[in-house]
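What you are looking at is a predicted structure, and each value in this text was computed from that prediction instead of being measured. Atoms within each ligand, like the ligands themselves, are counted from 1 in listed order.
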Amino acid sequence: MCRRMFVAAVCLILPFALAGMGGPVAASTLERGAVAAPESQAAEVGGSILSRGGNAVDAAVAVQFAIAVTNAIGAGIGGGGFMLIHEPAAGEVVALDYRETAPAGAHRDMFLDQHGDVDAELSIHSALASGVPGTVRGMAAVHKQYGSLPWAELIQPAIDLAENGFEIDPWTAGKILEYGDKFALISERFREQVEFKLYFNGGAGDRMKIPDLAGTLRRIAEQGPEEFYTGETAEMIVAEMQRGGGLITADDLAAYRPKWRDPIEGYYRGYRIVSMPPPSSGGVILIEFMNMLEPFERLALHSPQQIHLIAEAAKRVFADRSEYLGDPAFADVPVDVLTAKDYARARASDIDLARRTDPATLKAGDLPVRVDSDGQTTHFSIVDRNGLAVSNTTTMNTGYGSGLVVDGAGFLLNSQMNDFSAKPGVPNVYGVTGSAANEIAPGKRPLSSMTPTMVFGPGGHLELVLGSPGGPTIITTVLEVILHATDYDRSLAEAVDLPRFHHQWPPAVTGTDPIAIETDERYTLAPETIAALSELGYTFDKVESLGDVQAVEIDGRRVTGVYDRRRTGGVVYD
Ligand code: GLY
């Protein structure tokens, strides 16, 4: 990482001068700031905030509200997320948890039917699917702590996009069709609730306006963040809940608070990895994963042996995720043990590079699950000229959340309640299981896989800011991009643009051992690699693509942003 003079042009990175090459220098001399966002109009918003003198957190707040308009599939004011902020002057990274909470009326068995079976659709597409949204108070918290431009000024670009319209890109147009069909099917059951098609329609190149959302954003801009939680918007959410039989009350909204947390840290071959703590599993599992891999020699990239090693480690870390991870306010999460090098070494001691471990012999059940990359979460990374850096992953959970639009307010509500374990050992929409540590309880935050991450080089300087959507595939996506950049010395653009694969332990079908691979022809693995892994006994789940990484690299004074060609996105410099 950071050793190449030129960056491959695969991601349409804007050109820049190679001034000031050499070793790391004071972060305050960065040549320019960069915004890597999952949608180009939102990236433009972030770039314009930096250009007008705003800092990275100002830009992050503006991008967060902008993607709530242009990228509603994976972000919104009806959702939540996690943010890491690195302040070079203070030399520290702080983590903000603005994850949704279960309403006070929630209870452990709320998604079980009369036979005790999980009613998955209820946990994804009904008014019960939504946790209390955290995005608006989350953005208010980081703005209060770090912001330099006025709150209303940061929301204005989003208001403009919602009011005047934004251009629908081809990827989004495809998703609007796909989800429109999907929601049309489920709306028979939740007929009164899901009004997706009333708000979301249009093809590639069309302009979409969301006037109700413009009105909501204007109220939040003018009256402040509290408007969402105690004002007219709060009343609209409560009315929507009453119409659909949901649980979120005025008290739930008023009581919601984001939480500042200490990030998770670990070291991998001299690099310091900083990531999100529980209630995300992301940071803990990423560090455990890297600790397991570190004692092994570097194997050829995408060789059958390297993929097998990572799959074996994945089985073990995802089994641990299922057993131990949950909201630390409700469960005793053994973070120190899970992130300890000794523990990982012991856990990996039975990995055999020549033989597969049957997943059914690992802890916790062999259950009927499958990898579903429906995770339409959103990540953006921003670094400003002063080196202030933001790594932010935000989500509605499944694509367009529950599909339920708050009447009159123009925004979707999340389906985050599905991230809880509705019943021990029964997989959620992503095929991951959980235990009592992640059972539903009032006020509890559902376990996440979101992994906003920062990587510091052996010299101590921040080198990489990254993250991705994709449910549990987020963790392997972030892991693999870091490995590409560090172990395999690829430029950031190359690291993001290499094929990815994923394993998460419990097999889809008894007797199988599935590795998820990408079918997009730009990211397929070599046929001989697949053949060799099949020989070992692996099976394959095919998904179009894995993850959508938005990342920024800092190399001395040089700042390079990269967006992932797998979806749509943009990089803008100030
Ligand atoms: N909702 C996806 C996640 O938080 O992992």
Side-chain angles (χ1 to χ4, degrees), residues 38 67 71-76 78-84 95-102 111 120 123-125 129-135 138 258-259 261 264 275-286 289 317-318 321-322 325-328 333 369 371-380 391-403 412-422 427-434 437-438 440 444-453 467-479 502 504-505 516 543 546-549:
I67 54 176
N71 202 234
I73 186 170
F82 299 118
M83 185 183 285
L84 293 188
L96 185 79
D97 162 0
Y98 59 99
R99 182 76 161 163
E100 299 87 336
T101 53
F111 296 123
S123 72
I124 301 172
H125 293 308
S130 305
V132 183
T135 296
K259 290 187 179 179
R261 298 188 185 276
I264 295 290
S275 193
M276 194 67 209
S280 182
S281 62
V284 171
I285 298 305
L286 178 68
F289 223 137
V317 297
F318 276 101
R321 181 191 189 279
S322 175
L325 272 291
D327 182 342
V333 184
V369 296
V371 173
D372 188 335
S373 66
D374 186 39
Q376 300 293 353
T377 298
T378 301
H379 181 86
F380 60 81
S391 182
N392 186 80
T393 314
T394 185
T395 189
M396 302 295 287
N397 194 24
T398 45
Y400 298 103
S402 64
L412 289 151
L413 287 170
N414 66 81
S415 57
Q416 224 67 252
M417 294 294 284
N418 182 266
D419 264 345
F420 280 116
S421 172
N428 71 3
V429 70
Y430 302 108
V432 284
T433 54
N438 190 33
I440 303 170
K444 189 172 177 180
R445 284 153 147 91
L447 183 61
S448 171
S449 297
M450 290 188 281
T451 315
T453 297
S468 173
T473 72
I474 293 172
I475 300 171
T476 41
T477 293
V478 170
L479 169 80
H502 172 76
Q504 62 182 45
W505 166 61
V543 293
L546 290 162
D548 182 33
V549 174

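The main-chain N or O of Gly78 is found under 3.5 Å from a side-chain atom of Asn414 such that the two form a donor-acceptor pair. A donor-acceptor pair under 3.5 Å is absent between the side-chain atoms of Thr451 and the main chain of Ile474, judged by distance alone.
Using a 4.0 Å cut-off between a side-chain N of Lys or Arg and a carboxylate O of Asp or Glu, Lys259 and Asp327 do not qualify as a salt bridge.
Distances from ligand 1 to the non-hydrogen atoms of Gln416 include at least one value under 4.0 Å.
Contact annotation for Met276 and ligand 1: no heavy atom of the residue comes within less than 4.0 Å of the ligand. With a 4.0 Å cut-off on non-hydrogen atoms, Asp419 touches ligand 1 through its side chain and not its backbone.
Ranking protein heavy atoms by distance to atom 4 (O) of ligand 1, first place goes to Ser448 OG, 2.6 Å.
Looking at ligand 1, you'll find an N or O of Asn397 within less than 3.5 Å of one of its N or O atoms.
Here is the list of ligand 1 atoms found below 4.0 Å of a heavy atom in Met450: 4 (O), 5 (O). Of all atoms in ligand 1, numbered sequentially from 1 with element shown, those under 4.0 Å from a heavy atom of Arg99 are 4 (O).
Annotation: the span from Leu96 atom CG to Arg261 atom CZ amounts to 9.5 Å, rounded to 0.5 Å.
In this structure, a donor-acceptor pair under 3.5 Å is present between the side chains of Thr393 and His379.
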